[in-house]
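Let me begin by presenting the structure, written as structure tokens, before commenting on it.
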There are 2 protein chains.
Amino acid sequence: MSKKVSIKDIAQTVGVSTALVSYVLNNKEKEARVGKEIAQVIRDTAVKMGYQPNQIAKSLKTGKSYTFGLIVADISNPFFGNLARNIEDEAKKFNYTVIFASSDENAKKSQNLINILTERQVDGFIIAPAENSQDQIEAILKNNIPLVLIDRYFKDLGTNCVVTNNYEASYQAVSHLIEAGKTNIGMVAYQTDLAHMLDRKQGYIDAIKDSKQLKAKIPLVKMVDFNAGQEEVEAGIREFFAQNPTIDALFFATNTLTLKGLKSLNKLNYKVPDDVAIVCFDESEAFDFFYSPLTYIEQPLLEMGKKAVQILIKNISEKKSANMQVSIASKLIIRQSSAATVKKN
Amino acid sequence: MSKKVSIKDIAQTVGVSTALVSYVLNNKEKEARVGKEIAQVIRDTAVKMGYQPNQIAKSLKTGKSYTFGLIVADISNPFFGNLARNIEDEAKKFNYTVIFASSDENAKKSQNLINILTERQVDGFIIAPAENSQDQIEAILKNNIPLVLIDRYFKDLGTNCVVTNNYEASYQAVSHLIEAGKTNIGMVAYQTDLAHMLDRKQGYIDAIKDSKQLKAKIPLVKMVDFNAGQEEVEAGIREFFAQNPTIDALFFATNTLTLKGLKSLNKLNYKVPDDVAIVCFDESEAFDFFYSPLTYIEQPLLEMGKKAVQILIKNISEKKSANMQVSIASKLIIRQSSAATVKKN
DNA sequence: ATTTTTATGTTAATCGATTAAGCATATCTT
DNA sequence: AAGATATGCTTAATCGATTAACATAAAAAT
């Protein structure tokens with residue numbers, strides 16, 4: 001390492017104290033009443049010597065790292081990748097940098113990541129919490145580290161969170177299927193207690209129950225494990241149809257489930273939308289290429305990312321947890337996969 | 001912030017010096033000849049008080065941040081998201097943490113990110129360099145900060161890099177199209193001087209020229225701007241066909257180009273593979289759902305990510321740049337979109 | 001000619017660790 | 001018994017900044 005230039009080096013070259021250099025380079029000349037000429041000399045010398053402040057030293061002294069930790073389930077999932085990108089961009093506006101980490105929906109990993117990031121003195125966390133990570137979240141709060149949950153949240157924890165209107169969006173999506181004439185709508189969801197998933201489920205259930213059109217108002221939900229691979233999902237769907245042969249529409253709870261589900265339907269030779277209509281939560285580049293373009297719920301990832309950062313920054317600067325629960329509306333994008341049933345005679 | 005527990009707090013509680021605490025908590029009891037009993041007391045107290053080392057302070061003293069910077073074009077692009085994930089996992093094995101940033105193929109942004117990360121004292125960089133960022137890379141090298149380029153590289157810079165065999169993979173892919181009976185194979189590529197793209201182009205060109213089968217050995221390459229949206233790509237492809245009406249196969253240079261290209265082909269009503277056969281570099285979840293599943297070049301993202309981290313760690317620990325150029329072979333996945341032409345009569 | 005201001009700088013403590021060097025005691029050697 | 005060795009712990013400098021408190025010379029005021 002070709003020894004980096006420090007404030008001390010500049011001070012020596014110019015022939016002043018390090019204090020002066022610090023004041024000037026932090027634009028505190030006014031408060032510190034630094035002479036105009038010497039200030040200019042210091043600035044010029046800093047540039048000439050290629051000075052780059054040591055953010056680590058700065059952080060140690062000021063207690064602010066200008067970094068936050070982003071913990072998602074899996075950064076390679078485009079849903080989180082997109083979210084991460086929006087968070088990154090917004091964070092940059094406030095001179096913040098983001099350390100990311102993937103928890104794989106695993107509470108143990110999650111705890112480990114939180115520890116690592118805490119040791120690194122992140123100024124705050126943005127977390128899409130894994131199941132059973134409630135204690136961890138509470139611990140962060142107790143340590144007074146600013147925190148915003150994103151995508152998921154815990155009902156009985158009054159933490160900051162930014163989510164979409166899971167219940168309403170699901171309700172609307174399912175209602176749309178009902179209006180399209182579907183009479184046996186099943187839902188495929190992840191087996192989890194995470195509130196956002198329960199909300200989506202409840203939205204589905206209530207839409208079914210509230211329906212004036214449906215004769216059989218019996219919700220049919222197929223649960224699949226979070227870490228289920230293609231085979232498990234396929235087996236689940238096969239079973240689902242076996243138990244409920246009259247299903248004529250499926251509502252998928254996430255993009256990953258949808259992708260595996262569609263592959264399963266292809267294999268099982270179900271035609272969309274004639275045999276089964278489809279609506280799904282989240283989007284995917286792939287949905288545009290399915291032979292019957294998918295109707296999906298588009299989440300406001302840009303707004304969610306932005307908002308999460310803004311709340312976090314606010315919390316950091318005001319150092320009291322304002323506890324904002326923000327819900328941003330999703331949008332149902334209607335396409336072919338949920339086309340109205342044509343009456344056959 | 002409920003004041004964090006420091007080594008000093010532990011020292012006071014136990015009634016020893018901070019040095020002793022430091023030695024014990026860093027498992028240097030042997031070297032420092034710390035008494036067995038007191039060591040245990042220190043350890044217990046640390047746990048009881050919930051001590052978490054301040055990594056920032058540690059970094060300042062030791063000069064190692066156990067962090068590296070990952071700069072890619074766009075973390076929301078699944079290609080980079082996947083790479084990032086693999087890098088994250090491998091880094092974790094060495095107790096490293098990753099700060100990520102997206103350069104948007106923009107040299108100015110890239111320089112800005114490099115500065116920010118340098119100030120944060122990252123121990124090393126993994127970069128998928130943007131066009132015209134050669135100087136920046138050289139500057140990092142001159143500063144003796146360990147660096148590994150990934151995905152892309154610069155021909156005349158002897159830096160560490162981990163890439164796939166772009167030339168050979170393209171050559172093989174195009175040869176496959178030729179064998180499948182295609183006679184007018186066009187390539188759609190990004191307009192850039194980045195070596196990996198030139199390699200892909202050259203692979204295409206040479207495969208055409210070396211062919212024994214082809215009558216017209218004239219390479220046809222359509223260039224598209226890096227930041228081209230759907231419309232520009234569509235216009236480009238329309239033009240491409242207008243100028244070369246006999247094109248019966250297209251080789252796309254990246255996943256993003258492919259996605260836009262396929263949408264364009266759909267709009268222009270070309271059928272795959274009958275009107276145009278398709279092969280593309282990179283993969284995408286979407287490729288599985290195209291009506292004619294795509295033949296594509298699968299890059300070894302896991303190996304690339306791992307290798308990049310390993311080289312970086314090695315460079316960091318040995319503090320001399322070994323300069324390894326690693327190329328890992330891609331794999332051609334053949335599916336319907338490049339099916340052999342059936343002779344019509 | 002003092003005293004007060006004003007203008008400019010410097011000193012030194014501090015953030016939370018690490019670690020070489022030093023200082024007692026105790027235990028061996030021969 | 002006297003020096004050598006081992007054991008156990010402390011001191012204090014250091015990493016690269018920030019910043020409150022203090023210092024001093026020149027200009028202005030009285």
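Please read these numbers as outputs of a predicted model, since none were measured by experiment. Below, read A as the first sequence line, B as the second, and so on, with proteins coming before strands; counting in each chain starts at 1.
- Taking the screw axis at each terminus of the helix from dA1(C)-dT30(D) to dT30(C)-dA1(D) from five consecutive base pairs, the angle between the two is 60° to within rounding of 10 degrees.
- A salt bridge links Glu90(B) with Lys93(B); the closest basic N to acidic carboxylate O contact falls under 4.0 Å.
- Within the 4.5 Å cutoff, the side chain of Val148(B) has no heavy atoms near those of the Phe125(B) side chain.
- Annotation for Ser103(B) and Ile71(B): closest pair CB-CG2, 4.0 Å, computed over non-hydrogen atoms.
- Between the Thr97(B) side chain and the Thr67(B) main chain, no donor and acceptor come within less than 3.5 Å of each other.
- Taking all atoms of both residues into account, the shortest heavy-atom contact from Ile116(A) to Lys92(B) is CD1-CE, 4.2 Å.
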Protein heavy-atom contacts under 4.0 Å, written 5' to 3' over nucleotides 10-18 of chain C as B (base), S (sugar-phosphate only) or - (none), form the string BB--BBBBB
Between protein and nucleotides 25-29 of chain C, what N or O pairs are separated by less than 3.5 Å?
none

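- Distance Asn27(B) CG to dT19(C) C1': 16 Å, rounded to the nearest Å.
- Atoms OG and CD, from Ser59(B) and Gln121(B) in turn, are 9.0 Å apart once rounded to the nearest 0.5 Å.
- Note: CZ (Arg33(B)) to P (dG22(C)) measures 13 Å, nearest angstrom.
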Any chance you could lay out the side chain to side chain contact (heavy atoms under 4.5 Å, CB included) test for Ile10(A) and Met49(A), step after step, and finish with the verdict? CA-CA 8 Å; Ile10(A) 299 177; Met49(A) 297 178 75; 4.1 Å; yes
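- At least one side-chain heavy atom of Phe154(A) sits under 4.5 Å from a side-chain heavy atom of Leu194(A).
- One finds no salt bridge joining Glu119(B) and Lys4(A) here, because no Lys/Arg side-chain nitrogen approaches an Asp/Glu carboxylate oxygen to under 4.0 Å.
- The pair Glu88(B)-Arg85(B) meets the salt-bridge criterion, since a charged nitrogen lies less than 4.0 angstrom from a carboxylate oxygen.
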Evaluation steps, side chain to side chain contact (heavy atoms under 4.5 Å, CB included), between Glu131(B) and Asp193(B): CA-CA 7 Å; Glu131(B) 202 170 13; Asp193(B) 288 337; 3.9 Å; yes
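- Whole-Å rounding puts the Ile38(A) CD1 to dA7(C) P distance at 18 Å.
- Separating the CD atom of Gln12(B) from the C1' atom of dT10(D) is a distance of 15 Å, rounded to the nearest angstrom.
- Put simply, CD on Glu31(A) is 17 Å from C1' on dT6(C), counting in whole angstrom units.
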